[in-house]
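The sequence lines fix the lettering, A, B, ..., with proteins before strands; numbering per chain opens at 1. Being a predicted model, the structure only gives us computed values, none of them experimental.
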Protein chains: 2
Amino acid sequence: MNEPMTRDAEHSRARILEAAFELFVDRGFDAVSMRELAARSGVTKSLIHHHFGTKEGLWDAVKEAAFARYYEGQRDELEGASGPDAELLRKGVVRYFRFLQENPQVVRLFTWMHLEGDVTCNEMDAELVRLGAGRVREAQEAGLLRSDVNPTHVVTIFIHACSQWFEVRPQHKNWEGIGSDDEYLDDFLKIFMDGLAPRAPETDTDGN
Amino acid sequence: MNEPMTRDAEHSRARILEAAFELFVDRGFDAVSMRELAARSGVTKSLIHHHFGTKEGLWDAVKEAAFARYYEGQRDELEGASGPDAELLRKGVVRYFRFLQENPQVVRLFTWMHLEGDVTCNEMDAELVRLGAGRVREAQEAGLLRSDVNPTHVVTIFIHACSQWFEVRPQHKNWEGIGSDDEYLDDFLKIFMDGLAPRAPETDTDGN
DNA sequence: CCACTAATTGACCGGCCGGTCAGTCAGTGA
DNA sequence: TCACTGACTGACCGGCCGGTCAATTAGTGG
């Protein structure tokens, strides 16, 4: 390997952050000790304090780095999309689902953050939802999606349906009748997209 | 108050369980110390060990008690419902949503359990989903709900949409454009119920 | 009333916790 | 070459951790 024999602050910081991400995501902030972090990083406990100050400082750095990656990827995809299109929403859901599928650690990290009431990422979070809701609103105004639902709620609903799926999947994968990731996604998309189709008042089946 | 001046094991156990439930739900197992639990319960640390053995034993007892209450309430409602009816599903969603709304601590407890990979309640959990999925299947067979979706997934989707809403509500309540609990529920029900309506093949809009 | 059980207590244990600090040493610019 | 910066180390700190145990005491059945 390319183990640097000399001192390299950036390399050390990266090793520490990587180990901290894995351990914190796996067991939570309080269940991980600085000694364990040091051992996993291959550095001394003192060096972690040198680079990150306190255990909380390291935790903040871990969250910041992970969320920054998530935020930039999501924002680029949202901003890169073209004009209003109902299929755009479907693709957005699939993309978000695939991202969580490939980054299960991110789901756990966000869950820890929610439980501890972390609000440091709220602004970026809100920005992503704002962008997504704007897309939905465009499609509504173009008559491609029903207009009697709150665009922010539309985004919120599919975020919830996706993230919760991966949050509880380890426990529920043995439920009777439960399908694979793709089968769940397919069923969700059927209900979600058909439920969002523009209402056709004349086809009302039982006079409401 | 009816504070017993004499010894009362049941009363002590209840006080300990109550304090442990609040603290564990609020901050998580690892972030709470036995000393803090003792102070909150108004008993000594030794007494907690006397009644529950270890800290893990107390945690297990807390989870068991909370989940038992949840399970019995949900099961009674599911079994008490009458024959297949599309409106039954809507009412089931509303009931589940209201339950979480009135018991936010339960949402947090389940989230902690999921993060730590707890599987002790999986059997009861699966039983509830099995009952709900059976109701959905009945409605499908009666032609009241679309039949091309997995009934277990239908139940899973609304559980996810409801529980995640309350899990992240503290952080997201200030999102631009987000509505109240009831407004979110209304919008979800619109999309969910319309998306589950029986398909009308002749009204296909673009030939699929 | 007395023996017995069990609820309850407080002192105490070894160990691990996060954090500090003086000191060493590798790189670097003058 | 040499002074200086900062990456890095290991010994050490006070404190809190979960858990134990002998002793006390309040109920309880005989």
Side-chain angles (χ1 to χ4, degrees), chain A residues 1-65 112-113 115-116 118, chain B residues 1-65 112-113 115-116 118:
Chain A
M1 313 304 177
N2 51 355
E3 300 270 344
M5 294 304 154
T6 60
R7 299 179 172 191
D8 184 342
E10 278 313 303
H11 180 255
S12 295
R13 285 182 62 98
R15 292 251 298 169
I16 294 165
L17 276 174
E18 187 183 351
F21 178 75
E22 288 174 9
L23 288 176
F24 283 149
V25 161
D26 189 38
R27 309 216 306 277
F29 177 77
D30 292 293
V32 179
S33 75
M34 293 297 282
R35 284 163 176 80
E36 190 176 4
L37 285 164
R40 175 77 79 101
S41 314
V43 303
T44 57
K45 187 164 61 77
S46 306
L47 189 62
I48 304 181
H49 280 107
H50 174 71
H51 283 303
F52 297 96
T54 66
K55 193 185 176 190
E56 277 80 9
L58 176 59
W59 180 218
D60 287 342
V62 165
K63 291 186 287 191
E64 199 170 323
W112 289 116
M113 290 170 66
L115 278 174
E116 69 180 26
D118 191 297
Chain B
M1 315 304 179
N2 51 355
E3 301 268 345
M5 295 303 154
T6 62
R7 297 182 172 189
D8 183 341
E10 278 312 302
H11 180 255
S12 295
R13 283 183 64 98
R15 291 251 297 168
I16 294 166
L17 277 174
E18 185 184 351
F21 178 76
E22 288 174 10
L23 288 175
F24 283 149
V25 160
D26 189 39
R27 308 216 305 278
F29 177 77
D30 292 293
V32 178
S33 75
M34 292 297 283
R35 283 163 177 81
E36 192 175 4
L37 285 165
R40 176 77 77 104
S41 314
V43 303
T44 56
K45 187 164 61 79
S46 306
L47 189 62
I48 303 181
H49 280 107
H50 174 71
H51 284 301
F52 297 96
T54 67
K55 192 186 176 189
E56 277 80 9
L58 175 58
W59 180 218
D60 288 342
V62 165
K63 290 186 288 190
E64 199 169 323
W112 289 116
M113 290 170 66
L115 277 174
E116 70 179 26
D118 191 296

(request) Would you mind reading off the distance between R7(A) atom CZ and dT5(D) atom P, rounded to a whole angstrom? (result) 15 Å
(request) Starting at OG of S12(B), measure out to CG of L17(B) and round the result to the nearest 0.5 Å. (result) 11.0 Å
(message) Nearest 0.5 Å, please: how far is CZ in F29(A) from NZ in K55(A)?
(response) 4.5 Å
(request) Would you kindly give the CZ-to-C1' distance between F52(A) and dA7(D), to the nearest whole Å? (result) 13 Å
(message) Using whole Å, what does the distance between atom P of nucleotide dA6(C) and atom CD of E10(B) come to?
(response) 14 Å
(message) Counting C-beta onward and ignoring hydrogens, is there a side-chain heavy-atom pair between H49(B) and M34(B) closer than 4.5 Å?
(response) yes
(request) List the atom of A20(B), the atom of L37(B), and the distance in Å for their closest heavy-atom pair. (result) CA-CD2, 3.5 Å
(request) Please report the closest heavy-atom contact between A19(A) and R40(A), naming both atoms and the distance. (result) CB-CG, 3.3 Å
(request) Report yes if a side-chain nitrogen or oxygen of S33(A) is closer than 4.0 Å to either non-bridging phosphate oxygen (OP1 or OP2) of dC16(C); otherwise report no. (result) no
(message) Which is more 5' along DNA chain C, the nucleotide nearest S12(B) or the one nearest T54(A)? Just name the residue.
(response) S12(B)
(message) Under 4.0 Å between a side-chain nitrogen and a carboxylate oxygen: does that hold for R27(A) and E36(A)?
(response) yes
(request) Within residues 34-50 of chain A, find the residues that approach DNA chain C with a heavy atom at under 4.0 Å, and present them sorted by residue number. (result) M34(A), R35(A), K45(A), S46(A), H49(A)
(message) Under the criterion side chain to side chain donor-acceptor pair (under 3.5 Å), I'd like the reasoning laid out for W59(B) against E116(B): C-alpha separation, chi angles, the key distance, then a yes or no.
(response) CA-CA 12 Å; W59(B) 180 218; E116(B) 70 179 26; 3.1 Å; yes
(request) May I ask you to list the residues of residues 57-65 of chain A, by number, that have any heavy atom positioned under 4.0 Å from an atom of DNA chain C? (result) none
(request) Measure from CG on D30(B) to P on dC16(C) and round the result to the nearest Å. (result) 16 Å
(request) Taking R13(A) for its side chain and H51(A) for its backbone only, find out whether a donor-acceptor pair lies under 3.5 Å. (result) yes
(message) Is any side-chain heavy atom of L58(A) closer than 4.5 Å to one of F24(A)?
(response) yes
(message) Using whole Å, what does the distance between atom C1' of nucleotide dC8(D) and atom CD1 of I16(A) come to?
(response) 10 Å
(request) Side chain of H51(B) only, please: which of dG19(C), dT8(C), dG19(D) is the nearest? (result) dT8(C)
(message) Whole angstroms only, please: what is the CG-P distance between D8(B) and dA6(C)?
(response) 16 Å
